[in-house]
Amino acid sequence: LEVRPDDASVYVDDEFRGTAREARILRLPPGRHVIELVRPGFAVERRELTVVVGESQAVLVELPRP
């Protein structure tokens with residue numbers, strides 16, 4: 001997970017996982033998940049992804065200004 005700015009808060013399935021700096025590598029169980037990225041002064045970004053056993057995904061997000 002790469003997010004700009006990297007001090008945005010990361011939530012996975014409504015659970016806080018730390019800042020984007022701290023949550024660069026997320027290990028998630030197989031299935032559908034929602035990642036929400038939040039930082040004051042920027043628009044909230046939500047991404048849905050499906051995790052498949054044995055696969056990895058790179059997610060790059062640049063938070064837009066409102």
Side-chain angles (χ1 to χ4, degrees):
L1 177 66
E2 186 174 343
V3 180
R4 293 186 187 110
D6 68 355
D7 61 346
S9 295
V10 176
Y11 294 85
V12 177
D13 301 329
D14 295 323
E15 180 182 318
F16 179 68
R17 294 292 190 101
T19 66
R21 215 178 289 130
E22 299 164 336
R24 290 185 63 90
I25 297 175
L26 295 171
R27 298 195 192 291
L28 302 174
R32 192 173 188 197
H33 299 279
V34 176
I35 297 175
E36 188 173 57
L37 305 158
V38 180
R39 184 174 186 284
F42 292 82
V44 173
E45 184 76 18
R46 289 174 58 91
R47 298 279 175 99
E48 289 188 22
L49 59 98
T50 301
V51 175
V52 178
V53 174
E55 292 185 8
S56 63
Q57 297 180 36
V59 178
L60 172 61
V61 180
E62 189 157 339
L63 296 179
R65 297 260 183 197

Path from Tyr11 to Val44 over hydrophobic side-chain contacts below 4.5 Å | yes

When hydrophobic residues are tied together by side-chain contacts of less than 4.5 Å, even through go-betweens, does Val38 share a cluster with Ile35?
-> no

Please determine if Glu15 and Arg17 form a salt bridge, counting it only when a charged side-chain N lies under 4.0 Å from a carboxylate O.
-> yes

Partners meeting side-chain contact (heavy atoms from CB on, under 4.5 Å) with Pro5 (sequence neighbours left out) | Asp7, Arg39, Phe42, Leu63

When you measure from the side chain of Gln57 to the backbone N and O of Thr50, does any donor-acceptor pair fall under 3.5 Å?
-> yes

Please give me the minimum heavy-atom distance between [X] and [Y], naming the atom from each residue.
{"X": "Ala43", "Y": "Pro66", "value": "N-CD, 3.9 Å"}
{"X": "Val3", "Y": "Ala20", "value": "CB-CB, 3.5 Å"}
{"X": "Arg32", "Y": "Asp13", "value": "O-OD1, 4.4 Å"}
{"X": "Glu45", "Y": "Pro64", "value": "OE1-CD, 4.0 Å"}

Give the C-alpha distance, both sets of side-chain angles, the deciding distance and a yes or no for side-chain contact (heavy atoms from CB on, under 4.5 Å) between Leu1 and Arg24.
-> CA-CA 5 Å; Leu1 177 66; Arg24 290 185 63 90; 5.6 Å; no

Could you tell me whether Ile25 atom CD1 has more than 12 heavy atoms of other residues or ligands within 6.0 Å of it?
-> no

Hey, what do you get for CG (Leu37) to CZ (Arg4), rounding to the nearest 0.5 Å?
-> 13.0 Å

Rounded to the nearest 0.5 Å, how far does NE2 of His33 lie from CD of Glu48?
-> 11.5 Å

Can you tell if the side chain of Val34 reaches within under 4.5 Å of the side chain of Val12, non-hydrogen atoms only?
-> no

